[in-house]
Protein chains: 2
Amino acid sequence: MTNKHLQRAEETKQTILTAAEKLFVKKGFDAVSIREIAKEAKCSHTTIYLYFKDKEALLHELSMPSLEKLYDSIRKITDTASKTAEAKLKEISHLFIRFCLTNKNMYTIFINEKSSRVDEVDPNLEINKIRIRLFSLIQQTLGECIKIKSDEQLLAFSRIYFYNLYGILSTYSYQHEPTEVLIERLTPTFDLSVEVLLSGFKQIVRSEQK
Amino acid sequence: MTNKHLQRAEETKQTILTAAEKLFVKKGFDAVSIREIAKEAKCSHTTIYLYFKDKEALLHELSMPSLEKLYDSIRKITDTASKTAEAKLKEISHLFIRFCLTNKNMYTIFINEKSSRVDEVDPNLEINKIRIRLFSLIQQTLGECIKIKSDEQLLAFSRIYFYNLYGILSTYSYQHEPTEVLIERLTPTFDLSVEVLLSGFKQIVRSEQK
DNA sequence: CAACATTACTAACCACTGGTTATTATATAA
DNA sequence: TTATATAATAACCAGTGGTTAGTAATGTTG
């Protein structure tokens, strides 16, 4: 058996992950260096490269559990029968926004500064799988809000919905204030924006039916 | 007279600016280091610090003329009497998008990753002055599109409009393809989004009048 | 048990970064 | 000519991401 090897490896990997998490939360993803993480984890910085391709890969692995949790929470909402689609959409969006603001590091996973380089949106990457699942869940809920003509139109409307989300997130993610303060500040405008968008979507659909 | 001193200083500053511009265009703002710029400008990297606080200050100074040009172009549109407000708004937005995609470096000036740290939106900074002027021009045009109740509401609607713009820009700015390709790809969805938003805005206003 | 192989880890190094300070040129003024 | 203000730089600092060659620790096999 190669038991002690495996165990040891697992342990150091975990140590690195928790060290990284601690620093990311404290200083923000960009402000933390690989060597700092190594120091915190009490290992050589080269060891980190043994387990993770780079800092971003570390963040991705670190984010998986939180993302799964987010997915489950959203799933719970979509599966509720007693709510209207619009109420669901709002609730989901709030959850999503809160998540991104709380995990400001992970926000980059969605806006994917690097990973959207078209040529390298590796769909096999675990992180992208869950991203896609999350997106389609929101898209689906949006579809339930409006009687939509075609998949094409739903896609277009979803994009617009996401642009609005992204815009808000990119605006507020760089304001260094407690999440709760930010949420309080952005919620009224965001809720209004959802109303505007849904109302607009419906209007377009209606005008096309004539 | 301190002529030759002044002249020499002006010259090296200009050399640095053009060197920086060349590299920014070629490799993108983030990928260029101060030392690279120095090498390109055939001076010591310390010289650059004599003229610019940091790389961002350099970008700002570099951007001023382009921004002024953008402002003038937009101004020309708003001052045209023969067009409807909606047509103006669309045209302005297209100009704005094209500008941000062409000058991907400057896009960060608007989404202002750093400068939006609330505590340091220095309104005396030349770059922020023109930013504000640009924003209020768009806001004003938006106001002409819809009969709006209060300044408050106009502000809220403008924010929503900008979120949409930002969302699109942050999504497409990181795709490394020729500007024209990107614009072709995003224009249909963007135009649709403007229609959706305006239609939504109007609906809200209408429903409030009842 | 001895010899080997695999795995986990690290020290030393590389070329680079942003930024500061003490020093040297260069042009102007006394 | 000497003094002075300005422009520019070399040398340095502490840090970065990343690689390579070599060392411990654990497993396997003869």
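Within every chain, numbering begins at 1; the chains are lettered A, B, ... in the order of the sequence lines, protein sequences first and strands thereafter.
Atom NZ of Lys42(A) is separated from atom C1' of dA11(C) by 19 Å (rounded to the nearest Å). In this entry the distance linking CD of Glu11(B) with C1' of dT26(C) reads 14 Å, nearest Å. A straight line from CG of Asp54(B) to P of dT20(C) spans 10 Å, rounded to a whole angstrom. Rounded to a whole Å, the CD1 atom of Ile37(A) is 18 Å from the C1' atom of dC9(C). Atom CD1 of Ile48(B) is separated from atom P of dT9(D) by 10 Å (rounded to the nearest Å). Distance Arg8(A) CZ to dT6(C) C1': 13 Å, rounded to the nearest Å. Between Gln7(B) atom CD and dA7(D) atom C1' the separation is 14 Å, expressed in whole Å. Rounded to whole Å, the distance from CG on Leu6(B) to P on dA27(C) is 14 Å.
Positionally, the nearest nucleotide of DNA chain D for Leu50(B) lies more toward the 5' end than for the other of Lys55(A) and Leu50(B).
Looking at Thr102(A), its side chain does come within 3.5 Å of a backbone N or O of Arg98(A) through a donor-acceptor pair.
Defined by atom type and a distance below 3.5 Å, a donor-acceptor pair is missing between the side-chain atoms of Tyr163(A) and Ser170(B).
Looking at Ile34(B), Ile48(B), Leu50(B), Leu62(B) one by one, the single match for side chain to side chain contact (heavy atoms under 4.5 Å, CB included) with Ile16(B) turns out to be Ile48(B). When each of Leu198(B), Thr141(B), Val194(B) is paired with Tyr161(B), the side chain to side chain contact (heavy atoms under 4.5 Å, CB included) condition holds for Val194(B) and for no other.
Side-chain contact between Glu61(A) and Lys13(A) is present, with heavy atoms from C-beta onward closer than 4.5 Å.
If you check dT26(D), dT16(D), dA11(D) against the side chain of Lys4(A), the one that comes closest is dT26(D). Comparing atom distances between the Ser33(A) side chain and each of dT10(C), dT9(D), dG17(D) picks out dG17(D) as nearest. Closest contact between the side chain of His5(A) and the listed nucleotides dG17(D), dT6(C), dG18(C) involves dT6(C). In the set dT9(D), dT16(D), dT20(C), dT20(C) carries the atom at the smallest distance from any side-chain atom of His45(B).
Proximity of Thr12(B) to the phosphate of dA8(D): a side-chain N or O atom is located under 4.0 Å from OP1 or OP2. Between Thr47(A) and dC9(C) there is no side-chain N or O to OP1 or OP2 distance below 4.0 Å. Dashed line: the shortest gap from a side-chain N or O of Tyr51(A) to OP1 or OP2 of dC9(C) is under 4.0 Å. Phosphate contact (OP1/OP2 of dG18(C), side-chain N/O of Arg35(B), threshold under 4.0 Å): absent.
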